[in-house]
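Presented below is the structure to which this report refers.
Within every chain, numbering begins at 1; the chains are lettered A, B, ... in the order of the sequence lines, protein sequences first and strands thereafter.
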Amino acid sequence: MNVAAMLGQRVSEALAEAGAQDAPPVVGPATRPEFGHYQANGVMGAAKRLGTNPRALAERVLAELDLEGIASRVEIAGPGFINIHLEPAFIAAQLDTGQPLLEPATESMTIVVDYSAPNLAKEMHVGHLRSTIIGDALVRVFTALGHHVIRQNHVGDWGTQFGMLIAHLEEIGANSEQLSDLEMFYQAAKRRFDDDQAFAQRARSQVVALQSGEPDVRAAWRRFIDISLNHCETIYQRLGVQLTRADVRAESAYNDDLQDIVAQLDDAGLLTRSDGADCVFLDQFTRKDGTPLPVIVRKSDGGYLYATTDLAAIRYRCRTLHADRVLYFVDARQSLHFQQVFAVAAKAGFVTESCELEHHPFGSILGPDGRPFRTRAGGVVKLTDLLDEARRRAERLVRAKNPDLPEAQIDAIAEAVGIGAVKYADLSKSRTTDYVFDWDQMLSFDGNTAPYLQYAHTRINSMFQRGGLVLGSLSGRMRLAEPAEHDLGALLIRFQEVVDQVARDAFPHHLCGYLADVAARFMQFYESCPVLNQDEPIRTSRLLLSQRTADVLKTGLGLLGIETVERM
RNA sequence: GCGCCCGUAGCUCAGCUGGAUAGAGCAUCGGCCUUCUAAGCCGAGGGUUGAAGGUUCGAGUCCUUCCGGGCGUACCA
């Protein structure tokens with residue numbers, strides 16, 4: 001149950017009874033323990049609008065507020081805060097094994113998530129990490145809340161780079177071995193393109209041949225796409241990302257729509273010819289001096305641009321897929337592009353009334369020097385190499401910390417810990433800003449890191465094993481007696497509320513922060529409340545609390561696409 | 001020039017539609033292993049929230065100006 005939402009509903013009704021209709025209750029977790037578990041801050045805002053005394057209004061709200069069986073104490077504090085202390089039995093009841101961790105959303109929506117979208121001309125590199133990981137986490141969150149999720153991997157499979165690749169392939173007659181390192185092949189082709197005018201010319205004519213459907217050129221192009229997609233799939237599997245070929249809807253899939261998109265823009269009277277290019281000028285995108293800012297949808301040479309493709313994709317997602325929400329997890333540098341494209345799409349009627357288009361931008365990954373993250377040689381960091389290194393470092397740490405681990409398990413543990421650390425490091429930072437990629441921090445096993453959370457889970461797991469019990473097999477209701485038990489329980493009931501919030505604002509770092517709190521709160525409980533050597537009913541009650549904690553940690557990490565392990 | 005994002009402890013980062021005494025981790029210092037994994041726990045110090053104004057019962061959060069940084073800004077994606 002979303003306890004905050006439930007309390008918000010009650011307070012909202014009480015506010016209405018007290019004369020403040022439609023006043024937001026502003027219920028959230030209490031900022032300090034002595035203020036209870038939740039606090040409602042909406043009274044003060046409502047009183048301001050009504051021009052009444054906030055404490056007097058709070059009194060009236062309190063008189064209308066019935067939290068029988070939920071709260072043990074509700075009080076007014078300060079200028080008009082309402083502090084809610086939950087009944088321990090109510091908290092325990094929420095944690096009963098019969099209570100689901102997550103309830104589905106009240107209305108199921110069709111949600112399109114656009115993420116990863118690598119350029120198929122090259123290998124996946126560190127620049128694709130954030131979109132892929134964050135997008136996938138949101139996919140998992142939406143799915144868990146019962147929404148109909150449609151993944152869209154809008155891969156770049158069209159354009160000038162492919163002419164370059166094809167020309168180079170033709171020139172050297174490369175075998176499949178040379179193609180296995182697509183990055184090297186791309187770099188070689190790029191050098192030829194930059195250094196040799198005749199080659200560049202051939203590359204351009206290959207683009208034309210590709211676009212006109214020349215069979216040989218098409219075949220070569222398909223070969224690149226195939227190799228590249230295989231490579232992507234390998235990465236996705238290692239990352240534990242739920243993208244498959246079925247989710248690929250490439251740029252080229254919209255090729256046949258582009259002409260029609262431009263025609264519709266023309267019909268809508270939005271098209272202007274400027275310097276030979278077809279543009280849409282919108283009033284909201286002008287410079288200060290009044291010069292309008294164009295969205296170019298067709299170049300002066302007749303070629304289309306990614307804005308055109310994005311418009312076609314919007315129409316497809318709204319009109320054909322019937323999306324209620326479309327979320328784009330794309331680099332912050334494209335913010336202006338999306339503002340413009342969304343505005344044009346709305347004006348042209350590509351967007352249905354009920355469809356919400358959302359660009360969720362993120363910052364860049366920086367190296368220790370604060371510059372964009374590169375290899376020491378200055379090249380792009382390939383994801384394959386990055387994940388290998390994560391695994392290596394994790395293995396070294398795991399071996400050092402726990403030499404008793406069976407050799408057979410080390411591989412799987414190192415992979416789960418290493419990959420988990422990389423993903424968590426990304427997901428736990430506020431999405432919108434740049435962040436510094438730091439191996440030591442993400443694998444430090446301390447603080448807000450994946451290993452810390454995974455370790456908390458293994459502690460619970462090994463407690464059950466030592467007690468001869470299977471995690472997840474216990475059922476019943478617990479009693480929260482000690483402060484550490486109570487504090488942990490009160491935090492565990494917030495799981496739904498946090499997941500709902502992530503679904504709303506697409507900031508997975510809120511879930512990370514919450515799970516880190518849960519792990520820390522559990523560690524405190526673990527230190528101060530012995531479990532296995534206790535008499536009944538305390539023993540079972542504490543086991544139930546631990547089991548519920550494990551459930552929240554495992555499910556929560558699962559929503560982030562991070563594995564848990566039995567031992568580490 | 002204009003637009004968007006950012007500036008919080010020595011470092012890396014939180015701070016949820018404006019709320020009560022701005023929080024974690026690292027690093028530093030001091031405690032805790034005959035007891036479920038010490039990869040842990042407890043405690044201490046550390047802040048003019050870039051600067052100055054403004055809005056109000058209340059501002060890290062909203063508005064204005066300035067300083068500093070990043071990124072965009074007509075035919076690449």
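Distance CD (A:Gln501) to C1' (B:rA14): 13 Å, rounded to an integer number of Å. The interatomic distance linking A:Leu511 (CG) with B:rG15 (C1') rounds to 17 Å, in whole Å. Rounded to a whole Å, the CG atom of A:Asp426 is 12 Å from the P atom of B:rA14. One interatomic measurement links the two molecules: CG of A:Asn461 to C1' of B:rA39, which rounds to 16 Å at whole-angstrom precision. Between A:Met44 atom CE and B:rA20 atom P the separation is 9 Å, expressed in whole Å. Straight-line distance from the CG atom of A:Leu405 to the P atom of B:rA39: 12 Å, rounded to whole Å. The distance from atom NZ of A:Lys429 to atom P of B:rG15 is 13 Å, rounded to the nearest whole Å. Here the P atom of nucleotide B:rG72 and the OH atom of A:Tyr306 are 11 Å apart, to the nearest Å.
Ring geometry, A:Phe329 versus A:His360: the interplanar angle falls under 30°, so the pair is classed parallel (tilted spans 30 to 60°).
Backbone-only contact: A:Val436 has heavy atoms under 4.0 Å from sugar-phosphate atoms and none from a base. Nucleic acid contact for A:Pro451: none, since no nucleic acid atom lies under 4.0 Å from a heavy atom of the residue. Within 4.0 Å of A:Thr433, counting heavy atoms only, lie sugar-phosphate atoms of the nucleic acid but no base atom. If you check every strand for non-hydrogen atoms under 4.0 Å, A:Gln334 touches a base. Using a 4.0 Å heavy-atom distance criterion, A:Asp434 is classed as a sugar-phosphate-only contact. As judged by a 4.0 angstrom heavy-atom cut-off over every strand, A:Gln161 is placed among residues making no nucleic acid contact. Nucleic acid contact for A:Lys401: base, since at least one base atom lies under 4.0 Å from a heavy atom of the residue. Residue A:Ser274 is classed as a base contact, given a heavy-atom separation below 4.0 Å to a base. Base contact: A:Asn83 has a heavy atom under 4.0 Å from a base atom. Using a 4.0 Å heavy-atom cutoff across all strands shown, A:Leu305 reaches sugar-phosphate atoms only and no base atom. A:Asn402 comes within 4.0 angstrom of a base, heavy atoms only. No contact: A:Ala332 has no heavy atom under 4.0 Å from any strand. When heavy atoms are screened at a 4.0 angstrom cut-off, A:Ala77 is found touching base atoms of the nucleic acid. Residue-level contact check: A:Asp275 touches the bases, meaning some heavy atom is under 4.0 Å from a base atom.
In textbook terms, a nucleotide whose glycosidic angle is within 90° of 0 is syn, and B:rC33 is one such case.
Looking at A:Arg391, its side chain never comes within 3.5 Å of a backbone N or O of A:Glu415 through a donor-acceptor pair. Distance alone, capped at 3.5 Å, is enough to place a donor-acceptor pair between the A:Asp438 side chain and the A:Asp440 backbone.
With both ends at atom C1', the span from B:rU61 to B:rC5 equals 16 Å, rounded to whole Å. Comparing the same atom, P, in B:rA59 and in B:rG50 gives a spacing of 15 Å after rounding to whole Å. Here, B:rG60 and B:rA20 have their C1' atoms 15 Å apart, quoted to the whole Å. Atom C1' of B:rG40 sits at a distance of 44 Å from the matching atom of B:rC4, rounded to the whole Å. Only the C1' atoms considered, B:rG25 is 16 Å distant from B:rC42, to the nearest whole Å. Separation of the C1' atoms belonging to B:rU48 and B:rU35 is 49 Å when rounded to the nearest angstrom. Separating the P atom of B:rG23 from that of B:rC16 is a span of 13 Å, rounded to the nearest Å. B:rU55 and B:rU65 have their C1' atoms separated by 15 Å, with the value rounded to a whole Å.
For B:rU73, neither phosphate oxygen OP1 nor OP2 lies less than 4.0 angstrom from any side-chain nitrogen or oxygen of A:His337.
Nearest-nucleotide positions on RNA chain B for A:Arg333 and A:Trp158 put A:Arg333 closer to the 5' end. When each of A:Thr458 and A:Gly156 is assigned the nucleotide of RNA chain B with its nearest heavy atom, A:Thr458 is the one assigned upstream, toward the 5' end.
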**OP:** Any chance you could encode RNA chain B as dot-bracket? Rule is Watson-Crick or G-U wobble with both distances under 3.5 Å; [ ] for pairs crossing earlier ones, | for another strand.
**Re:** (((((((..((((.....[...)))).(((((.......))))).....(((((..]....))))))))))))....

Subject >> Base versus backbone protein contacts along nucleotides 40-47 of chain B [heavy-atom cut-off under 4.0 Å; B, S, -] >> reply: BSS-----

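Taking all atoms of both residues into account, the shortest heavy-atom contact from A:Leu120 to A:Ser228 is O-OG, 2.8 Å. When all heavy atoms of A:Ala250 and A:Asp157 are compared, the pair lying nearest together is CB-OD2, 3.1 Å.
Cation-pi geometry between A:Arg431 and A:Phe362 is not satisfied (NZ or CZ under 6.0 Å from the ring centre, within 45° of the ring normal). A cation-pi arrangement is present between A:Arg249 and A:Tyr254 under the rule of less than 6.0 angstrom and at most 45 degrees off the ring axis.
Partner A:His337 forms a ring pair (Phe, Tyr, Trp, His ring centres under 6.0 Å) with one of A:Tyr306, A:Tyr328, A:Phe342 and no other, that one being A:Tyr306.
Side chains of A:Asn255 and A:Tyr304: a donor-acceptor N/O pair is absent below 3.5 angstrom, by distance only.
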Original post:
Run the side chain to side chain donor-acceptor pair (under 3.5 Å) check on A:Gln547 and A:Asp551 step by step: do they pass?
Top reply: CA-CA 6 Å; A:Gln547 178 178 265; A:Asp551 214 359; over 6 Å; no

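A:Glu395 has a carboxylate O that lies under 4.0 Å from a charged side-chain N of A:Arg399, or vice versa, which qualifies the two as a salt bridge. A:Asp194 and A:Lys190 are joined by a salt bridge, as a carboxylate oxygen and a charged side-chain nitrogen come within less than 4.0 angstrom of each other.
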